[in-house]
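Comments concern the structure below.
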Amino acid sequence: MAKEIPVYDAESIETKWQSVWECEDTFKAREDSGRPKKYVLEMFPYPSGDLHMGHARNYTIGDAMARQARMRGFEVLHPMGFDAFGLPAENAAIKHNTQAGKWTYANMDQAVRTMKRMGFSYDYDRLVRTCDPEYYKWGQWAFLKMWEKGLAYRATSPVNWCPSCNTVLANEQVVDGKCWRCGTVPEKRELSQWYLRITDYAQELLDDLDTLDGWPENVKAQQRNWIGRSEGAEIDFALADEDGKAPTDKLITVFTTRPDTLYGTTFFLLPPESPLAAELVEGTEYEQAVAELKKSVEQVSSVDRQGSEREKHGVFTGRYVINPLTQKPLPIWVADYILLDYGTGAVMGVPSGDQRDFEFARKYGLDIPPIIAQKDDPLYEQLKDTKETVVTNVDWDHAMDAEGYLIQSGPFTGMRGGKHSEAVDAIIEYLAERGIGRKTVQFRLRDWLISRQRYWGNPIPMIHCDCCGDVPVPYEDLPVTLPEDLDLGAGETLAEYAPFYETTCPKCGKPAKRITDTMDTFTCSSWYFLRYCDPHNDELPFSKESVDRWMGVDNYIGGIEHAILHLLYSRFWTKVMRDLGMIDLDEPFTNLLCQGMVKDANGDTMSKSKGNVVPPSSVIEPYGADTMRLAILFIAPSEKDFNWDEEVVAGANRFIKRAWRTVWGLANSGSVDATLDVSKLDAAGKELYRRIHELGLRCTNDFDRSQFNTAISAVMELVNDASAYLNKVGENERDAALCFGVARSIVAMLSPIIPHWGEELYHEALGLKGSAYDEPWPTFDAESAKASTVQIAVQVLGKVRGRIDVAADAPREELEAAAKVAVAKHLAGKTVRKVIVVPGRLVNIVAN
RNA sequence: GGGGGCGUGGCGGAAUUGGCAGACGCAGGAGACUUAAAAUCUCUCGCCGCAAGGCGUGCGGGUUCGAGUCCCGCCGCCCCUACCA
């Protein structure tokens, strides 16, 4: 007898299943199940408070993937953790006069409660918190390994110092010329800092992007740009004597991607910070002007430089270099558009071929001799055979950087010039033969500055001894534990906290001072995905065996804001671990999905300061976690931004209730014991049976593509069809096997998305035992999805003029004949020239 | 300036390899049930037109029997990056 359909009560269902999953360890990743593995990972959060909508979206996507993978027969590793070190904890501790650790652990506890309330299927036994000594110990271990291999080093150089955060920033952390965290414009300071030699891996980090087929194109493009490989040449210019005529022994080398323009060089450039420039002008009449320019640059860099077209400034140094090909002296200028830390920090000025040099030459009255011309340019006719520079100036308003033919360029005159042209190779070869230049490659990527002058981070495990220099902390003394009783509220820092820094030299035993810098938090997040494979290992950061078992990450999901920093550092760290023999893995993340942002109803980003934040609890409380999950996945494709819309949430809740009633209705007419005989189904039953297969295939394929919005719409159609079947077919005429099968498929396909709903119906409506996640994903086949008759379009000259219902396997001739009848009106008086038949789709008649 | 992406109803969005544009949902309209409302159910819903029909995927060309999809040229928007020599 049919059971009464219970009311859908999200809250009681959700709490019930959350505790069952927890008690039964349903989502524990097992090492020995014998199933193929799948590693589904969402970027772990920074615990700055409770979770927000962006987190909810990120983890809902991952959870749907993880749960479905389980049903597809995979042993799934789906862990979670916290990126727990960082400045906000420290600032909160100062503000609220508490401990950074206390604040952080309280936030992590709250976040875990919310994750559980959302029903995320994490293996909580593997929870990793980067501020736990058991975790950060291994970050220190890795640092020491890198130190031994020469990949970690200390150097003094001008660095970005954020005066608000009181710490240095990595190049990557200066965003739009401002601190990525607080927006303050950093100052340049000369400081002794710790670096990781990521530039050693620049080429491999670039090359291996081509192997990442599962990554979005834009992320790979961003990384390529960031690594910034340029091919070109180094060219040596001899410094001229004080009269500016004869070359001296001193060489100054430039890097250029356009050696083909060497004959057009009319001046030579050094950056304002250049020590060489300061040396050249020391004690001369030019000294003061150079010093002033340097000073003004320091100020300019602290001014908002959003407007890109800044006017260029320069001063002459009074000295010259000799062009190695023409032997002509070139005046050395100091210019504010030259960067100290790119290339060799010296540039040859080619005003006719480079827009920046062009503007500079115009401003300071320097010559602009043309060296490249296209064939239709009058200059080409005039100068195509001229090897000497006879035209020393042009009347252009722009530099000419397009390809063309070299003019006024000595023996190379007449060759094709431009980027990657024959003249480039020819001139490099010519220079190389004479030992005054060589082919070379430059990267924009800089070494990774990891030291931070902050408390709440992983201490750099080094000791400075006045006798022995920088000495690593012995491995057996790890971890260097972060002291907990600093008085941050009173402004105390690690550098001032004697119990921490006072120590003895591990080498000579004399009193020595511990390094009080901590590591950039990005070091903590560069390998947490490896730790999840073996989270309780106290001998090593992870065993090779466990990493072999679970890595690489099959699906990595997170925000696009990590396209450069986190993803590049993690790739680097993985390669370093490989080269240390720890793992056999070139790349950590096989497939990457960058989810879009959740904005408010007006399309503005949500932020506390704007007061437009929609907290997840505001949806969970009235509707439940399942409604929230469905709404998030259905509203837009995962990669796209979406605007929060209360109506969509209400609609999602409506669908869940409707599907609930439909599944119950089917289950009441169905039986688990009945066997399906398709041939005995009536017409309505046959069509419903066909639709399960058609829609099931679509849904499965959409899951494979991570297209959850369309996967859901396929199930919506199935629910609509099933509900129509129940309305149309009397209770006694329904097929019990069909009803049960449809209900079971609907429950299975929605379980990854609305899991509590799924488990409840799996047990209560379908009466099945175990977990919905022990249920294999249903199989669907294309044969059963085929319709016996189909409606196809009939076109005349590509325009739809009619439709015909035909047997799905009707022969060509039959289709053609039926089509001609259907559109006879449009064929009247015309001659049929050609008929295109696409079976199952359309017939197109070409007639005129 | 360089790189990546996008442009489809009132809205979110479908259309997997060139094959019936607008699936699914939201909002809207009509009806049923109800004293009424909510909820639910049924129908309707690109634009113009009473209709027949015409027009429709940012704009202009092209390839093709056939283009949202491919090619060329524009326009607009978004993201990343930027005196990188």
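Only heavy atoms go into these numbers, but all of them, side chains included; no hydrogens, no water, no symmetry mates. On a predicted model such as this, the values are computed, not experimentally measured, just so you know.
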Report task. Please say whether the positively charged group of A/Lys312, taken as NZ for Lys or CZ for Arg, lies over the ring of A/Tyr337, i.e. under 6.0 angstrom from the six-membered ring centre and within 45 degrees of the axis. Result -> yes
Requested in this report: Pick the P atom in B/G10 and in B/C59, then give their distance to the nearest Å.
Outcome: 14 Å
Report summary line: Picking from B/A85, B/U81, B/G19, the nucleotide nearest the side-chain atoms of A/Gln795 would be B/G19
Report task. Assign B/G7 to syn or anti; the rule is syn for a glycosidic angle within 90° of 0 and anti otherwise. Result -> anti
Query raised in the report: How far, in whole Å, is B/C83 from B/G5 if one measures between their P atoms?
Result: 24 Å
Requested in this report: When you get a sec, tell me which of B/A14, B/C24, B/A82 is the closest nucleotide to the side chain of A/Asn709?
Outcome: B/A14
Query raised in the report: Using a cut-off of less than 4.0 Å, is there contact between a side-chain N or O of A/Arg356 and OP1 or OP2 of B/C84?
Result: yes
Query raised in the report: When the distance from CG of A/Asp357 to P of B/A85 is rounded to whole Å, what number comes out?
Result: 12 Å
Query raised in the report: Between B/C26 atom C1' and A/Arg654 atom CZ, what is the distance in whole Å?
Result: 8 Å
Query raised in the report: Of the nucleotides B/C83, B/G13, B/A21, which one has an atom closest to the side chain of A/Ala636?
Result: B/G13
Query raised in the report: Given the P atoms of B/G22 and B/A14, what is the spacing between them in whole Å?
Result: 15 Å
Requested in this report: May I ask you to verify if any side-chain N or O of A/Arg224 is less than 4.0 angstrom from the OP1 or OP2 atom of B/C80?
Outcome: no
Report task. Step through the shown structure and confirm whether more than 12 heavy atoms of other residues, nucleotides or ligands are within 6.0 Å of CZ on A/Arg841. Result -> no
**Report entry** Out of B/C84, B/A23, B/C80, whichever nucleotide has its closest atom nearest the side chain of A/Thr710
**Finding:** B/A23
Query raised in the report: Charged N to carboxylate O under 4.0 angstrom, A/Glu359 versus A/Lys363?
Result: no
Query - Euclidean distance, atom CD of residue A/Gln707 to atom C1' of B/C24 [Å, nearest integer] - result: 13 Å
Report task. Would you kindly check whether a donor in the side chain of A/Asn225 faces an acceptor in the base of B/U81, or vice versa, at under 3.5 angstrom? Result -> no
Query raised in the report: Quantified in whole Å, what is the P atom distance between nucleotide B/C75 and nucleotide B/G60?
Result: 15 Å
Report summary line: Among the nucleotides B/C83, B/A52, B/A27, whichever has the atom closest to the side chain of A/Lys825 is B/A52
Report task. Report the distance from atom CE of A/Met348 to atom P of B/A85, rounded to the nearest whole Å. Result -> 12 Å
Requested in this report: Round to a whole Å and report the spacing from CH2 of A/Trp215 to P of B/G3.
Outcome: 22 Å
Report task. Could you check which of B/A23, B/G3, B/G25 has an atom nearest any side-chain atom of A/Arg698? Result -> B/A23
**Report entry** Contact under 4.0 Å: A/Asn643 side-chain N or O vs B/C11 OP1/OP2
**Finding:** no
Query raised in the report: What interatomic distance, in whole Å, is found between P of B/A85 and the corresponding atom of B/A23?
Result: 50 Å
Query raised in the report: Picking from B/C83, B/U16, B/C41, which would you name as closest to the side chain of A/Arg705?
Result: B/U16
Query raised in the report: Is the A/Phe642 ring parallel, tilted or perpendicular to the A/Trp644 ring (thresholds 30°, 60°)?
Result: tilted
**Report entry** Whole-angstrom distance between B/G25 and B/U42, as gauged at atom P
**Finding:** 11 Å
Report task. Using the P atom as the reference point in each nucleotide, state the distance between B/G7 and B/C70 in Å, no decimals. Result -> 11 Å
Requested in this report: Check the angle between the aromatic planes of A/Phe360 and A/Phe267 and answer parallel, tilted or perpendicular using the 30° and 60° thresholds.
Outcome: tilted
Requested in this report: Output the single nucleotide from B/C84, B/C24, B/G4 whose closest atom is nearest the side chain of A/Glu717.
Outcome: B/C24
Query - Closest listed nucleotide, where the reference is the side chain of A/Trp226 and the choices are B/U81, B/A85, B/G19 - result: B/U81
Requested in this report: Rounded off to whole Å, could you give me the CG-to-C1' distance for the A/Leu565 and B/C80 pair?
Outcome: 12 Å
Requested in this report: Return the 5'-most residue of the pair A/Ser723, A/Ala714 with respect to RNA chain B, ranking by each residue's nearest nucleotide.
Outcome: A/Ala714
Requested in this report: Tell me whether the OP1 or OP2 atom of B/A85 has a side-chain N or O from A/Ser230 closer than 4.0 Å.
Outcome: yes
Query - Pairwise C1' distance for B/G12 and B/G28, with rounding to whole Å - result: 16 Å
Requested in this report: Starting from the 5' end of RNA chain B, give me the residue, A/Leu697 or A/His826, whose nearest nucleotide shows up first.
Outcome: A/Leu697
Report task. Kindly point out which of B/G4, B/C65, B/C83 is positioned nearest to the side chain of A/Asn218? Result -> B/G4
Query - Main-chain N/O of A/Pro369 paired with A/Ser352 side-chain donor or acceptor, under 3.5 Å - result: yes
Report task. Look at the rings of A/Tyr569 and A/Trp448 and say which category their plane angle falls in: under 30° parallel, 30 to 60° tilted, over 60° perpendicular. Result -> parallel
Report summary line: Between CD1 of A/Ile227 and P of B/C84 the distance, given in whole Å, is 18 Å
Query raised in the report: Are OP1 or OP2 of B/G13 and a side-chain N or O of A/Lys640 less than 4.0 angstrom apart?
Result: yes
